[in-house]
Amino acid sequence: MKFCFALLCAIGLVAAVTSMQINQECLTSPNDESPMNCCKAPEVVPHEEQFAECLQKFPLPTEPLTPGSFPPNHNCFSQCMLEQQGIMNDGTMNKDTAIEKMVASMGSSPDWQAASKSSVETCYQKVSPVGAEKDGQGCSVMAGNFLECMSSMVFINCPSSAWTDSTECDQLKAHLEKGCSFMTIWKGPPSQ
């Protein structure tokens with residue numbers, strides 16, 4: 001099974017944690033550029049059926065979310081995905097497996113392998129203090145935090161060879177670097 005930037009972007013919408021308070025200044029994206037137009041990640045989209053069980057148990061929201069609100073089941077869906085990947089087991093995350101899966105999904109490009117490893121390392125350090133904390137549904141808060149972080153970090157660490165050098169893209173990166181959630185800049189699939 002493979003991770004991909006497109007999947008991480010979509011999961012960014014689902015993986016924000018309810019215990020996290022969004023800074024009001026983060027609710028306004030700096031512009032209308034789609035982040036997927038800014039960072040051209042490898043095309044390694046996993047088939048939806050790989051996560052069919054997770055989607056069936058924890059369906060993605062069908063209605064738009066109110067700004068500042070969080071989708072239901074995000075931690076449970078994230079935990080299910082990470083368990084299917086072998087990254088999480090019994091509430092414990094395996095950093096080495098996360099690095100292995102992420103690096104493998106990004107192909108042989110040394111730039112993407114370095115960006116992938118750096119993203120996992122950063123996110124693992126960021127979520128480790130959460131430990132075995134569970135949300136109201138009994139699901140891992142660490143799982144939701146990790147996938148939300150990965151959405152942001154893959155974007156922030158996008159190699160220069162894949163980065164669209166523009167004021168708008170730089171503004172989106174700066175928005176995430178100040179700690180805003182990826183869900184605050186998500187605009188959907190890239191324009192054609």
> Leu55 and Phe77: which non-hydrogen atoms are nearest, and at how many Å?
Replying inline: CD2-CE1, 3.4 Å
> Going through the checks in order, is the side chain to side chain contact (heavy atoms under 4.5 Å, CB included) test met by Asn94 and Ile87?
Replying inline: CA-CA 5 Å; Asn94 185 314; Ile87 293 170; 5.6 Å; no
>> We want to know whether Thr184 and His175 form a side-chain donor-acceptor pair, criterion being a heavy-atom distance below 3.5 angstrom.
In response: yes
> Can you name the closest pair of heavy atoms from Ser152 and Cys180 and give their distance?
Replying inline: OG-O, 4.2 Å
>> Once side-chain contact (heavy atoms from CB on, under 4.5 Å) is applied, do any residues pair with Ser160, and if so which ones, sequence neighbours excluded?
In response: none
> Can you name the nearest heavy-atom pair linking Phe146 to Val127, along with the distance?
Replying inline: N-CG1, 3.6 Å
> Between CE of Met183 and SG of Cys26, what distance do you get to the nearest 0.5 Å?
Replying inline: 11.0 Å
>> Suppose the criterion is disulfide (SG to SG under 2.5 Å): which pairs have a residue in residues 71-106, not counting sequence neighbours?
In response: Cys54-Cys80, Cys76-Cys139
> Quick check: does any side chain N or O of Thr164 sit under 3.5 Å from a backbone N or O of Asn37, one acting as donor and the other as acceptor?
Replying inline: yes
> Does Lys126 have any side chain to side chain donor-acceptor pair (under 3.5 Å) partners at least two apart in sequence or in another chain, and if so, which?
Replying inline: none
> Does the pair Asp170 and Trp163 meet the rule for a side chain to side chain contact (heavy atoms under 4.5 Å, CB included), with working shown?
Replying inline: CA-CA 10 Å; Asp170 290 343; Trp163 183 253; 3.3 Å; yes
>> Please evaluate residues Ser116 and Val154 with respect to the criterion side chain to side chain contact (heavy atoms under 4.5 Å, CB included), reporting the C-alpha separation (whole Å), side-chain torsions for both, the decisive distance (0.1 Å), and the verdict.
In response: CA-CA 7 Å; Ser116 300; Val154 167; over 6 Å; no
>> Counting C-beta onward and ignoring hydrogens, is there a side-chain heavy-atom pair between Leu172 and Ser29 closer than 4.5 Å?
In response: yes
> By side chain to side chain donor-acceptor pair (under 3.5 Å), which residues pair with Lys134, not counting sequence neighbours?
Replying inline: none
> Please, which pairs that meet disulfide (SG to SG under 2.5 Å) have at least one residue in residues 87-127, sequence neighbours excluded?
Replying inline: Cys123-Cys149
> Got a sec, which pairs hit salt bridge (charged side-chain N to carboxylate O under 4.0 Å, His left out) with one end in residues 74-100, sequence neighbours left out?
Replying inline: Lys95-Glu121
>> Could you work out, with side chain to side chain donor-acceptor pair (under 3.5 Å) as the rule, every residue matching Glu177, not counting sequence neighbours?
In response: none
>> Is the shortest side-chain heavy-atom distance between Glu33 and Gln171 below 4.5 Å?
In response: no
>> Under the rule for side chain to side chain donor-acceptor pair (under 3.5 Å), what residues qualify as partners of Glu168, not counting sequence neighbours?
In response: none
>> Has Ser118 got a side-chain atom pairing as donor or acceptor with Ala114's backbone, closer than 3.5 angstrom?
In response: no
> Sulfur to sulfur, is the gap between Cys39 and Cys169 shorter than 2.5 Å?
Replying inline: no
> Looking at Trp112, is Lys117 sitting on its ring face, NZ or CZ under 6.0 Å from the six-membered ring centre and within 45 degrees of the normal?
Replying inline: no
>> Suppose we screen for side-chain contact (heavy atoms from CB on, under 4.5 Å). Which residues come up paired with Ser140, at least two apart in sequence or across chains?
In response: Gln79, Met88, Met142, Ala143
> Does any N or O in the side chain of Ser105 come within less than 3.5 Å of the main-chain N or O of Met102, such that one atom is a donor and the other an acceptor?
Replying inline: yes
> How would you list, by chain and number, every residue that makes a side-chain contact (heavy atoms from CB on, under 4.5 Å) with Thr92, sequence neighbours excluded?
Replying inline: none
>> My understanding is that only residues two or more places apart in sequence, or in another chain, count here; which of them pass side-chain contact (heavy atoms from CB on, under 4.5 Å) with Ser128?
In response: Tyr124
>> Between Glu148 and Ser181 (side chain of the first, backbone of the second, donor and acceptor by atom type, cut-off under 3.5 Å), is there such a pair?
In response: no
